[in-house]
Amino acid sequence: MEKDYHYIQEVLSPDFVGKRVKIRGWVYRQRNSKKMAFIVLRDGTETLQCTGKKDQLSEELFNMLCEVKYESSVIIEGNIKEDNRAPNGYEMQIENFTIIQMAETFPIQKDQSDSFLLDYRHLWVRSQKLTHSFRVKAKLLQGAREYFDQQGYVEMTPPIITGSSCEGGSTLFELNYFGKKAFLSQSAQLYLETLIFAHQNVYSLTPSFRAEKSRTNRHLAEYWHLEAEAAFLDLNGIIKFEDGLVCAMIHKVAQDEPKALKALGRDPQDLLNIEGPFDRIHYDEAIDIINKKGVEIPWGEDFGTHHERALTEDLKSPVHVTHFPRKIKAFYMKTLDGKYAEANDLLAPEGYGELIGSSQREEDINVIIDNLKRDGSKIADYEWYLDLRRYGSVQHSGFGMGIERMMRWVCNLDHIRDTIAYPRVMNRNTP
């Protein structure tokens, strides 16, 4: 049975040359002369140049082709032919044309400011740049889920509203929860830790929220957080898992969306060339490298954007920085020799910064209580978490990946706002 309509992606094939097909979508480009009208149609899968000759069409139909406005929704019927001059190597010869809805004059023109484009984000998401970006994002997530499934991990759905902090109180979004204080989640980690005792290896993909008053090109107030926890795994084990996960994600994109990557300025082969295991650098060694490059940082400080850039701008593959000073890491991280945390940051190459933060979790209840007291936290708020160390505590590890930061590196993007449909930053929560 023949299909009533085809996706543009389908008809860009020698199998469709000479065949009459119907496609539908939105007018992406339009131009015309006295004898010829050109329309570039997009439908979410691809774009196709469609041409109508005046001497082969009725006067009414040719005038419609000349007068249709950008972003009008239309149906086009015609024959597919090969044409090396066309953007995709194929073209449709228009035989019939139906306007579903004639658009008003589209408000977005060339050379609009970033602020204007954010105001009209609900329309700008139709742009080719964002379309390519989001198709890459979908494949990254598909690659991640496939890898987790292959490794025997179970996907979980932890809560977004929480009564306690995971990372620290200074960056929490607070809300009134039926008269009680609650927060938007910074991380699903503590809840995922509860679930390893039932399923051993678990992961989740959830939105996370950070109330950081930052205006950099790598920070969002709301972002998508891919997190995992694994029982019986030490720091070395979770690092090995991260290597496999990242490779699975970037290879999936390079294989399935090479055209989108190229359009965004990333050679797919660069991603296919990346293989694990990634190099590992101890925090002390990283400090020496950064200082030798003329970017000063004293021992004991966490890395900022400029430190990560100095460390990775010349690299072609991600790199692990391990064993940060204990005093700058969270209460749940295991301590090594009282000085270092069994913690790791995976940094993207080319200066794009942190992709993953991970650690081996502390399994000793007394150490965790001491850490919470040191941080000034209320022990009562974490009694439920401490129960995990009372009933069957085991060695375990986990990590969190910022999907949009991963996207920014993979897509070679200048700003993180182009990795998400509706970016939420400190000065914008609309549209």
**Q.** Inter-residue atom distance Thr194.OG1 - Leu388.CG, 0.5 Å rounding
**A.** 6.5 Å
**Q.** Smallest separation among heavy atoms of Leu315 and Pro349, with atom names
**A.** O-CB, 3.2 Å
Q.
Would you say Glu363 and His396 are linked by a side-chain donor-acceptor pair, where the criterion is simply a distance under 3.5 Å?
A. no
Q) Can you find a side-chain donor-acceptor pair between Asp43 and Thr45 that sits under 3.5 Å? A) yes
Q: Report the residues that fulfil salt bridge (Lys or Arg N to Asp or Glu O under 4.0 Å) with Glu383, sequence neighbours left out, ordered by chain and then residue number.
A: Arg390
Q: Output all residues satisfying salt bridge (Lys or Arg N to Asp or Glu O under 4.0 Å) with Arg326, sequence neighbours left out; order by chain, then residue number.
A: none
Q. Do Gln186 side-chain atoms and Phe183 backbone N/O form a donor-acceptor pair below 3.5 Å?
A. no
Q | Option from Ile160, Thr157, Leu226 for which side-chain contact (heavy atoms from CB on, under 4.5 Å) with Thr206 holds | A | Ile160
Q) Should the heavy atoms of other residues, nucleotides or ligands under 6.0 Å from CG of Asp414 be counted, would the total exceed 12? A) no
(Q) Can you see whether Asn344 engages Thr322 through a side-chain donor-acceptor pair at a distance of less than 3.5 angstrom? (A) no
Q.
Holding to side chain to side chain donor-acceptor pair (under 3.5 Å), I want the full list of residues that pass it with Lys139, two or more places apart in sequence or in another chain.
A. Gln142, Asp256
Q) Do side-chain atoms of Asn201 reach the backbone of Gln151 as a donor and acceptor pair under 3.5 angstrom? A) no
Q) Roughly how far apart are Ile403 CD1 and Leu205 CG, rounded to 0.5 Å? A) 6.0 Å
Q.
Does Lys19 qualify as a cation-pi partner of Phe16, given the criterion of NZ or CZ under 6.0 Å from the six-membered ring centre and within 45 degrees of its axis?
A. yes
Q. So which pairs with a foot in residues 271-281 pass salt bridge (charged side-chain N to carboxylate O under 4.0 Å, His left out), sequence neighbours left out?
A. none
Q | Side chain to side chain, Tyr352 and Asn412, heavy atoms closer than 4.5 Å | A | yes
Q. For the rings on Tyr223 and Phe209, is their centre-to-centre separation under 6.0 Å?
A. no
Q | Residues in ring pair (Phe, Tyr, Trp, His ring centres under 6.0 Å) contact with Phe116, at least two apart in sequence or another chain | A | Tyr120
Q: State whether Tyr5 and Arg24 meet the cation-pi test: NZ (Lys) or CZ (Arg) under 6.0 Å from the six-membered ring centroid, and within 45° of the perpendicular axis.
A: yes
**Q.** Partner residues of Tyr70 under the ring pair (Phe, Tyr, Trp, His ring centres under 6.0 Å) criterion, sequence neighbours left out
**A.** none
(Q) So, using salt bridge (Lys or Arg N to Asp or Glu O under 4.0 Å) as the criterion, who are the partners of Asp418 when residues are at least two apart? (A) Arg121, Lys129
Q | Residue pair Ser72 / Gln101, side-chain donor-acceptor N/O under 3.5 Å | A | no
Q: With sequence neighbours left out, write down each residue that passes salt bridge (Lys or Arg N to Asp or Glu O under 4.0 Å) with Arg126, or none if nothing qualifies.
A: Glu71
Q: List in chain and number order the residues that pass side chain to side chain donor-acceptor pair (under 3.5 Å) with Asp114, two or more places apart in sequence or in another chain; answer none if no residue qualifies.
A: Arg417
(Q) I'd like to check Val410 versus Leu271 (side-chain heavy atoms, cut-off strictly below 4.5 Å). Are they in contact? (A) yes
Q: Give a yes or no on whether a salt bridge exists between Arg266 and Glu350, defined as a side-chain N under 4.0 angstrom from a carboxylate O.
A: yes
Q. Quick one: does Tyr332's side chain have a donor or acceptor within less than 3.5 Å of a partner on Gln360's backbone?
A. no
Q.
Could you measure the distance from the OG1 atom of Thr47 to the OH atom of Tyr28? Nearest 0.5 Å is fine.
A. 7.5 Å
Q.
For Gln269, is the CD atom crowded, meaning more than 12 foreign heavy atoms sit under 6.0 Å from it?
A. yes
Q) Could you walk me through whether Arg218 and Glu404 pass the salt bridge (charged side-chain N to carboxylate O under 4.0 Å, His left out) check? A) CA-CA 9 Å; Arg218 52 177 283 182; Glu404 284 73 27; over 6 Å; no
(Q) Between Phe303 and Phe324, is the ring centroid distance below 6.0 Å? (A) yes
Q. How many angstroms lie between CZ in Arg210 and OG in Ser187, if you round to the nearest 0.5 Å?
A. 7.0 Å
(Q) For a quick check under 3.5 Å, do Tyr340 and Asp284 share a side-chain donor-acceptor pair by atom type? (A) yes
Q: Please identify each residue that fulfils side chain to side chain donor-acceptor pair (under 3.5 Å) with Asn429, with sequence neighbours left out.
A: none
Q) Would you call Glu146-Lys252 a salt bridge at under 4.0 Å N-O? A) yes
Q | Ser208 side chain reached by Trp224 side chain, heavy atoms, under 4.5 Å | A | no
Q | Derivation and outcome, ring pair (Phe, Tyr, Trp, His ring centres under 6.0 Å), residues Tyr191 and Tyr385 | A | CA-CA 8 Å; Tyr191 294 101; Tyr385 182 71; 9.4 Å; no
**Q.** Side-chain donor or acceptor of Glu342 paired with backbone N/O of His323 under 3.5 Å
**A.** no
Q. Sequence neighbours excluded, which residues qualify as ring pair (Phe, Tyr, Trp, His ring centres under 6.0 Å) partners of Phe38?
A. none
Q. Is there a donor-acceptor pair under 3.5 Å between the side chain of Lys137 and the backbone N or O of Thr419?
A. yes
Q) From Leu347 CG over to Glu354 CD, what is the distance, rounded to the nearest 0.5 angstrom? A) 7.0 Å
Q. Applying salt bridge (charged side-chain N to carboxylate O under 4.0 Å, His left out), which residue pairs with at least one partner in residues 220-235 are found, sequence neighbours left out?
A. Glu229-Arg361
Q: Kindly state whether the ring of Tyr203 and the ring of Tyr147 have centres lying under 6.0 angstrom apart.
A: no
Q | Side-chain donor/acceptor of Glu308 to backbone N/O of Gly353, under 3.5 Å | A | no
Q) Can you find a side-chain donor-acceptor pair between Ser204 and Glu155 that sits under 3.5 Å? A) no
Q) Quick check: does any side chain N or O of Asp243 sit under 3.5 Å from a backbone N or O of Pro277, one acting as donor and the other as acceptor? A) no
Q: Could you tell me the separation between the CD atom of Gln189 and the CZ atom of Phe399, rounded to the nearest 0.5 Å?
A: 11.5 Å
Q | Check: Lys327 and Lys339 side chains under 4.5 Å, non-hydrogen atoms | A | no
Q.
Taking the ring of His122 and the ring of Tyr422, is the distance between their centroids below 6.0 Å?
A. no
(Q) Check whether Trp26 forms a cation-pi arrangement with Lys69 (NZ or CZ under 6.0 Å from the six-membered ring centre, at most 45° off the ring normal). (A) no
Q: Without swapping roles, check the side chain of Asn88 against the backbone of Tyr90 for a donor-acceptor pair under 3.5 Å.
A: no
Q: State whether the number of non-hydrogen atoms from other residues, nucleotides or ligands found under 6.0 Å of Lys262 atom NZ is greater than 12.
A: no
Q. Can you tell me if His251 uses its side chain to pair, donor with acceptor, with the backbone of Ala248 under 3.5 Å?
A. no
